[in-house]
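Below you'll find the structure, written out as structure tokens, and then a few comments.
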Amino acid sequence: MAIDARVSRKAGAVALIAAAGVSLTSIPAAANGATARQPAAGVQAPTDPGTARLPSGLSALSWMVADADTGNVLAAKSPHRKLAPASTLKTLFAVTVLPKFSAGTVRRVSSADLAGVGAGSSVVGVRQGRRYSVGDLWRGVFLRSGNDAVHVLAAMNGGWRTTAEEMQETARKLGARDTTVKSPDGYDAPGQVSSAHDLTVFARAGLANEDFARYCATTRATFPGAGGATQIENTNRLLAGSHGMSRYPGIIGVKNGYTSKAGNTLIAAARRNGRTLLVTVLNPQSQAYNGVYKEAAALLDWGFRTAGTAQPVGTLHAVRATDDGAGPMRPVAAEVTEAEARGGSPGAPPSSSGRASPVSRRWAWVLCSPGGDRPAAAVDGGEGRRRPIGVMARP
């Protein structure tokens with residue numbers, strides 16, 4: 001399978017995911033109120049003399065521009081406004097479930113696996129009775145936003161309700177307090193909400209995982225179909241350069257979505273000149289064609305002009321760490337492997353249980369003290385070693 005995404009690997013990345021099956025102490029973020037939140041409503045932007053003005057024509061109910069490397073929030077509008085997230089919630093699903101199963105694990109899909117897929121859901125074409133690798137299913141999730149693939153992975157994870165509960169716990173550990181999970185695929189459900197702040201946190205945590213980074217950067221891939229492998233294309237138009245949108249320069253993902261309640265939603269990440277920015281845009285009101293993509297692109301452009309020159313207006317609630325003094329945490333931008341380019345899948349080979357061995361993954365898990373101010377350690381996924389990574393700093 002040829003993958004149209006090649007970006008450089010960043011050494012020493014630290015994953016912020018609360019992976020089930022991995023023993024983590026509590027993540028010191030906003031759970032204890034240590035970090036000041038941005039105001040829930042209104043626009044917050046730098047007021048430094050000479051700072052570029054925000055783009056005109058922004059119509060989204062909520063949006064955020066953040067530096068993925070530092071966690072600094074460059075500007076935001078109503079970042080904690082609770083809104084329906086649509087399929088951008090799949091970023092939290094992936095952060096929660098992706099580390100659990102090797103990409104090579106194979107699942108024979110049952111009728112129970114596909115039970116409850118919502119009417120009108122986006123699907124990739126998973127069929128009962130067929131066998132799919134976990135890698136196939138994740139490509140279905142990231143590229144086609146397939147709710148059918150989400151249902152199968154959730155079934156592997158112990159069921160729909162269990163997965164929703166685990167996602168809620170992951171959100172809590174990441175300091176994402178605006179999010180209530182009812183439907184892991186992002187399908188509209190009563191009470192299900194998130195925010196531009198929380199979705200940005202989920203994307204930042206996900207990008208620290210090589211497999212997440214690779215999947216969300218994939219433009220085209222093959223997927224098993226009834227008549228053989230079929231070509232699928234990423235529905236993120238900034239990434240694919242489709243439907244009248246040009247591919248955004250430096251784009252590396254992350255996830256788009258739409259439901260009748262949520263409207264159009266998008267988390268986009270791009271990297272230029274060594275800086276990675278995240279933009280989340282929720283429910284533009286302009287009704288313009290490609291409006292969510294145009295507003296996200298305008299905010300990314302503004303962010304790259306402004307980043308490093310203006311005073312941040314806030315910070316994300318994710319944990320930050322210094323890796324052996326080598327600099328701030330940076331998201332992983334995973335390089336496509338030779339095996340994957342030939343049609344293989346990312347990730348380690350499955351264990352006898354079908355779950356990925358924690359020490360076989362190429363990322364590290366943060367092990368931090370409950371107080372958050374004592375030296376922390378990480379388990380290096382490539383070598384299985386425990387080593388200090390410095391002092392955990394509250395944002």
Side-chain angles (χ1 to χ4, degrees), residues 16 27-31 33-48 50-55 58 60-83 85 88 91-92 95 171 174-179 194-208 250 252-255 265-272 274-283 292 295-321 328-331 372 392-395:
L16 302 179
I27 295 178
T35 304
R37 290 158 65 88
Q38 290 83 50
V43 175
Q44 299 95 56
T47 58
D48 307 68
T51 300
R53 297 184 63 180
L54 287 169
L58 297 176
L61 296 181
S62 176
W63 52 261
M64 174 174 279
V65 185
D67 187 313
D69 300 331
T70 65
N72 288 335
V73 176
L74 307 184
K77 175 187 175 182
S78 304
H80 293 285
R81 182 172 178 176
K82 296 180 180 181
L83 296 166
T88 54
T91 55
L92 176 60
V95 166
L174 289 172
R177 295 180 287 172
D178 304 323
T179 298
S194 191
S195 67
H197 168 272
D198 287 11
L199 292 166
T200 306
V201 167
F202 303 151
R204 185 181 184 226
L207 287 172
I252 57 172
V254 177
K255 191 72 191 76
T265 60
L266 175 67
I267 313 167
R271 187 163 184 84
R272 294 186 193 169
R275 186 183 299 276
T276 303
L277 297 185
L278 282 162
V279 164
T280 299
V281 177
L282 301 181
N283 201 349
V292 73
E295 293 190 22
L299 286 167
L300 282 168
D301 286 344
W302 175 87
F304 282 116
R305 289 196 303 270
T306 306
T309 64
Q311 186 71 20
V313 300
T315 186
L316 298 176
H317 289 171
V319 176
R320 293 181 293 158
M329 185 204 77
R330 298 182 182 275
M392 303 304 297
R394 289 193 181 96

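Just the heavy atoms: all of them, side chains too, but no hydrogens, waters or symmetry mates, feed the values below. Residue numbers run from 1 in the order of the sequence given.
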request  = May I have the step-by-step check of side chain to side chain contact (heavy atoms under 4.5 Å, CB included) for Thr51 and Thr306, ending in yes or no?
outcome  = CA-CA 7 Å; Thr51 300; Thr306 306; 3.8 Å; yes
inquiry  = Within the 4.5 Å heavy-atom criterion, are Pro79 and Gln44 side-chain neighbours or not?
reply    = yes
query = Do Arg275 and Asp67 meet the salt-bridge criterion of a basic N to acidic O distance under 4.0 Å?
reply = yes
task = Go through the steps to decide whether Val279 and Met64 satisfy the test side chain to side chain contact (heavy atoms under 4.5 Å, CB included), and finish with yes or no.
result = CA-CA 6 Å; Val279 164; Met64 174 174 279; over 6 Å; no
query = When you measure from the side chain of Arg204 to the backbone N and O of Ala68, does any donor-acceptor pair fall under 3.5 Å?
reply = yes
Separation of Leu92 CG from Leu199 CG (nearest 0.5 Å) = 8.5 Å
message = Check this for me, if you would: do Asp198 and Lys82 make a salt bridge, where the nitrogen-to-carboxylate-oxygen distance has to be below 4.0 angstrom?
response = no
Rounded distance [0.5 Å steps], CG in Leu83 versus OG in Ser62 = 6.0 Å
message = With rounding to the nearest 0.5 angstrom, report the CG to OG1 distance, Leu266 to Thr280.
response = 7.5 Å
request  = Report the distance from atom CG of Leu299 to atom CG of Leu74, rounding to the nearest 0.5 Å.
outcome  = 10.5 Å
inquiry  = Quick check: closest heavy atoms across Val95 and Phe202, and the distance to 0.1 Å?
reply    = CG2-O, 3.6 Å
query = So, the side chain of Asn72 versus the backbone of Pro312: is there a donor-acceptor pair under 3.5 Å, distance only?
reply = no
note = Nearest heavy-atom approach of Arg53 to Arg305 is O-NH2, 4.5 Å
task = Compare every heavy atom of Ala269 with every heavy atom of Val254, then report the nearest pair and how far apart it is.
result = CG2-CB, 3.8 Å
task = Might you point out which heavy atoms bring Lys255 and Thr88 nearest each other, and give the distance in Å?
result = O-CG2, 3.6 Å
key: CZ on Phe304 to OG1 on Thr276, rounded to 0.5 Å   = 7.0 Å
request  = For the residue pair Ser194 and Thr179, confirm or rule out a side-chain donor-acceptor distance under 3.5 Å.
outcome  = yes
ask   = Can you check side chain to side chain contact (heavy atoms under 4.5 Å, CB included) on Trp63 and Leu282, steps first, answer last?
value = CA-CA 6 Å; Trp63 52 261; Leu282 301 181; over 6 Å; no
task = Check whether any side-chain heavy atom of Val65 sits under 4.5 Å from a side-chain heavy atom of Val73, and report yes or no.
result = no
Stepwise side chain to side chain contact (heavy atoms under 4.5 Å, CB included) test for Val292 and Asn283 = CA-CA 7 Å; Val292 73; Asn283 201 349; over 6 Å; no
Closest non-hydrogen atom pair between Val281 and Ala60, with its separation = CG1-CB, 3.5 Å
Check ion pair Arg271-Asp69 (N to O, under 4.0 angstrom) = yes
note = Shortest non-hydrogen pair, Pro85 vs Thr265, comes out as O-OG1, 3.0 Å
